[in-house]
Amino acid sequence: MKKVLRRRTGLGRFADRRDAGRALAGLLASYRGRTDVLVLGLARGGIPVGWEVAAALHAPFDAFLVRKLGAPDWPELAMGALAGGGGLVLNTDVIRSLDVSDSQLQATIRAETAELRRRERVYRGDRPPPELAGRTVILVDDGVATGASMFAAVRGVRAAGCESVVVAVPVGAESTCRALRAEADAVLCVCTPPDFSAVGQLYDDFRQTGDDEVRQLLATPT
């Protein structure tokens with residue numbers, strides 16, 4: 001499939017993640033009704049966005065777990081990301097600049113792997129993860145900044161044998177969306193603001209998505 005990037009640079013705002021999902025669904029109309037499509041929302045912020053996309057496309061929906069690898073002493077600074085299915089992305093520039101040792105890196109990976117598995121149990125219970133082999137997977141998040149989590153997600157679903165991967169987000173840094181084209185079959189972004197600073201800048205309500213909301217949406221048919 002030819003890799004494409006569809007976007008607009010306007011500064012229209014989203015009321016919240018559900019509103020952003022409805023706007024994003026408009027870019028994905030060509031996937032509506034296809035029996036091979038599966039929408040996966042990156043937990044947690046991508047879940048309400050992805051649910052709206054799946055509902056509009058009449059597609060099945062599930063969660064995809066991704067965990068940021070926070071740097072030692074700087075947990076908000078990502079030195080990489082880990083995804084279900086074995087996707088792993090490392091930011092070697094951050095690791096090198098902070099002089100993170102291999103033992104520190106491996107300890108962080110082990111801790112975040114355990115947390116990822118815990119959240120999978122919390123969100124999915126005894127329900128098995130969806131079968132990805134041969135599917136067109138649409139990965140949805142509430143936005144991309146550095147893109148570490150989305151890169152890890154793309155690699156995770158690739159490893160699971162999906163037929164093609166579509167990255168779909170309401171807002172993102174233009175450079176990140178462009179870089180994602182090297183790994184995904186298609187990248188669709190509603191807004192790429194020229195003054196991008198953070199995903200939340202285009203949301204009126206960007207409160208954290210809680211576990212209860214995730215479980216509720218996963219239990220609600222699309």
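The shortest distance between side-chain heavy atoms of L90 and I95 falls below 4.5 Å. Residues V167 and V154 form a side-chain contact, since some pair of their non-hydrogen atoms from C-beta on lies under 4.5 Å apart. Side-chain contact between L38 and L132 is present, with at least one heavy-atom pair separated by less than 4.5 Å.
Within the structure, salt bridge (Lys or Arg N to Asp or Glu O under 4.0 Å) contacts touching residues 41-51 (residues at least two apart or in different chains) are R44-D211. Sorted by first and then second residue, the salt bridge (Lys or Arg N to Asp or Glu O under 4.0 Å) pairs with a member in residues 83-108 read D93-R96; sequence neighbours excluded. Judged as a ring-ring contact (aromatic ring centres under 6.0 Å, His included), the pairs with a partner in residues 198-222 (not counting sequence neighbours) are, in order, F14-Y203, Y203-F206.
Judged by distance alone, the side chain of R32 and the main-chain N or O of A56 form a donor-acceptor pair under 3.5 Å. Checked by atom type and distance alone, the side chain of E183 never pairs as donor or acceptor with a backbone atom of L180 at under 3.5 Å.
A distance of 7.0 Å separates CH2 of W51 from CG of L217, quoted to the nearest 0.5 Å. Note that the CE atom of M150 and the SG atom of C177 stand 9.0 Å from one another [nearest 0.5 Å].
Annotation: salt bridge (Lys or Arg N to Asp or Glu O under 4.0 Å) contacts of E120 (sequence neighbours excluded): none. Listed by chain and number, the residues in a salt bridge (Lys or Arg N to Asp or Glu O under 4.0 Å) with D141 amount to none (sequence neighbours excluded). Taking T35 as the reference, nothing meets the side-chain hydrogen bond (donor to acceptor under 3.5 Å, both in side chains) condition, with sequence neighbours excluded. Under the rule for a side-chain hydrogen bond (donor to acceptor under 3.5 Å, both in side chains), the partners of R215 that lie at least two apart in sequence or sit in another chain are D212. Scanning for salt bridge (Lys or Arg N to Asp or Glu O under 4.0 Å) contacts around D204 gives R13, with sequence neighbours left out. Every residue two or more places apart in sequence or in another chain was checked for a ring-ring contact (aromatic ring centres under 6.0 Å, His included) with Y123, and none qualifies. Legend: residues meeting side-chain hydrogen bond (donor to acceptor under 3.5 Å, both in side chains) with D62, ordered by chain and number and at least two apart, are R124, R127. Applying the salt bridge (Lys or Arg N to Asp or Glu O under 4.0 Å) test to R110 and every residue at least two apart in sequence or in another chain returns nothing.
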Salt bridge (charged side-chain N to carboxylate O under 4.0 Å, His left out) between D16 and R18, intermediate numbers included: CA-CA 6 Å; D16 53 23; R18 302 289 290 270; over 6 Å; no

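With respect to the salt-bridge test (charged N to carboxylate O, under 4.0 angstrom), the residues E131 and R135 do not qualify. A salt bridge links D36 and R34; the closest N-O separation between the charged side-chain nitrogens and carboxylate oxygens is under 4.0 Å.
Here the closest non-hydrogen pair linking G147 and V144 is CA-CB, 4.4 Å.
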Do any side-chain atoms of residues 19-29 form donor-acceptor pairs under 3.5 angstrom with protein atoms, and if so which ones, sequence neighbours left out?
from : atom 1 : to  : atom 2 : distance (Å)
D19  : OD2    : A15 : N      : 2.8
R22  : NH1    : E52 : OE2    : 3.3

